[in-house]
Amino acid sequence: MEQQQVDQLILMHSSKLAPEYIPSIREQLQDRDYNTAVFAFSDLKDPTISIIISVLVGSLGIDRFYIGDIGLGIGKLLTGGGCGVWWLIDLFLIMGATRQRNTEKVMQMLSFR
């Protein structure tokens with residue numbers, strides 16, 4: 001893939017990825033064709049949406065269900081957000097967790113040839 005296309009994809013999706021992995025993702029994108037790269041970025045969750053969900057219904061675990069952490073979502077649902085403590089902690093952690101899950105998805109998709 002051309003460098004301009006790689007830069008464009010990274011620029012469009014950098015807010016949804018963990019910043020420390022962007023150089024590695026950039027290297028992997030250069031070895032892939034454009035359609036594979038676009039497919040890898042197709043199902044990323046927005047960290048802003050995850051914090052909004054966390055503020056509104058985070059005590060029910062919906063924020064964790066949204067990013068794909070089903071086990072943690074069930075745990076939060078059954079404990080009422082850990083009696084509010086887990087919910088409060090997740091207000092600070094959910095955006096980073098969303099970026100981390102997105103990064104894992106992209107890295108996994110790009111590792112398949």
Side-chain angles (χ1 to χ4, degrees):
M1 187 163 47
E2 295 179 22
Q3 186 63 36
Q4 183 180 10
Q5 291 173 323
V6 171
D7 291 340
Q8 182 182 18
L9 281 173
I10 293 292
L11 183 62
M12 285 175 26
H13 299 288
S14 63
S15 66
K16 298 177 183 177
L17 300 169
E20 61 270 13
Y21 291 102
I22 289 179
S24 176
I25 292 171
R26 182 183 304 271
E27 287 177 20
Q28 288 185 16
L29 283 174
Q30 292 173 345
D31 299 334
R32 304 293 185 270
D33 65 297
Y34 186 74
N35 292 333
T36 303
V38 169
F39 182 70
F41 287 103
S42 65
D43 192 29
L44 299 182
K45 306 297 182 185
D46 191 351
T48 306
I49 299 297
S50 66
I51 189 67
I52 291 169
I53 291 171
S54 189
V55 167
L56 297 176
V57 288
S59 62
L60 299 175
I62 310 250
D63 53 350
R64 289 296 178 163
F65 287 118
Y66 172 72
I67 67 171
D69 285 337
I70 305 302
L72 292 176
I74 291 171
K76 280 179 76 172
L77 178 64
L78 295 177
T79 63
C83 297
V85 175
W86 194 351
W87 170 77
L88 184 62
I89 292 170
D90 253 0
L91 288 178
F92 296 98
L93 300 179
I94 195 67
M95 289 181 77
T98 305
R99 286 186 184 102
Q100 188 64 36
R101 295 287 292 198
N102 286 339
T103 302
E104 290 169 5
K105 274 186 199 175
V106 169
M107 297 286 276
Q108 183 180 19
M109 294 293 288
L110 292 176
S111 66
F112 291 119
R113 290 200 178 228

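Computation of the quantities below employed the complete heavy-atom set of this structure, encompassing side-chain atoms and omitting hydrogens, waters and symmetry-equivalent molecules.
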Here the gap from D69 atom CG to I94 atom CD1, rounded to the nearest 0.5 Å, amounts to 7.0 Å
Between the CD atom in Q5 and the CZ atom in R32, the distance rounded to the nearest 0.5 Å is 15.0 Å
For A97 and R64, the nearest pair of non-hydrogen atoms, with its separation, is CB-NH1, 3.8 Å
For R101 and G68, indicate whether the former's side chain and the latter's backbone hold a donor-acceptor pair under 3.5 Å.
yes
For Q3, I'd like to know if atom CD has over 12 heavy atoms of other residues, nucleotides or ligands within 6.0 Å.
yes
Distance col, row D7:CG vs E2:CD, nearest 0.5 angstrom, shows 11.0 Å
Rounded to the nearest 0.5 angstrom, the CD1-OH distance for I52 and Y66 is 9.5 Å
When you group the ILVMFWY residues by side-chain heavy-atom contacts below 4.5 Å and let the links chain together, are V55 and W86 in the same group? no
Is there a continuous path of hydrophobic side-chain contacts, each under 4.5 Å between heavy atoms, that joins V106 to V6? yes
- Item | Any D63 side-chain heavy atom under 4.5 Å of W87 side chain | no
CD1 of I22 to OG1 of T103, rounded to nearest 0.5 Å, is 7.5 Å
Taking the side chain from S42 and the backbone from F39, do they hold a donor-acceptor pair closer than 3.5 Å? yes
What's the verdict on side-chain contact (heavy atoms from CB on, under 4.5 Å) for E20 and Q100, showing C-alpha distance, side-chain angles and the deciding distance? CA-CA 10 Å; E20 61 270 13; Q100 188 64 36; 4.2 Å; yes
Quiz item: Looking at side-chain heavy atoms only, is the closest gap between D90 and K76 below 4.5 Å?
Solution: yes
- Message: Between K45 (side chain only) and N102 (backbone N and O only), is there a donor and an acceptor less than 3.5 Å apart?
- Response: no
inquiry  = Under 4.5 Å between side-chain heavy atoms, counting indirect links through other Ile/Leu/Val/Met/Phe/Trp/Tyr residues: same cluster for V38 and L17 or not?
reply    = yes
Tell me whether the count of non-hydrogen atoms from other residues, nucleotides or ligands lying under 6.0 Å of CZ in F65 goes above 12. yes
On a heavy-atom basis, the closest approach of P47 and K16 is CD-CG, 4.0 Å
Heavy-atom nearest pair, M107 first then S24, reads CE-OG, 3.5 Å
Of all heavy-atom pairs linking F92 and L88, the shortest is CD1-O, 3.4 Å
* Can you hop from I62 to I74 via hydrophobic side chains spaced under 4.5 Å? -> no
Find out if a path of hydrophobic residues (ILVMFWY) with successive side-chain heavy-atom gaps under 4.5 Å connects I67 to L72.
no
Taken to the nearest 0.5 Å, the spacing of I51 CD1 from L93 CG works out to 9.5 Å
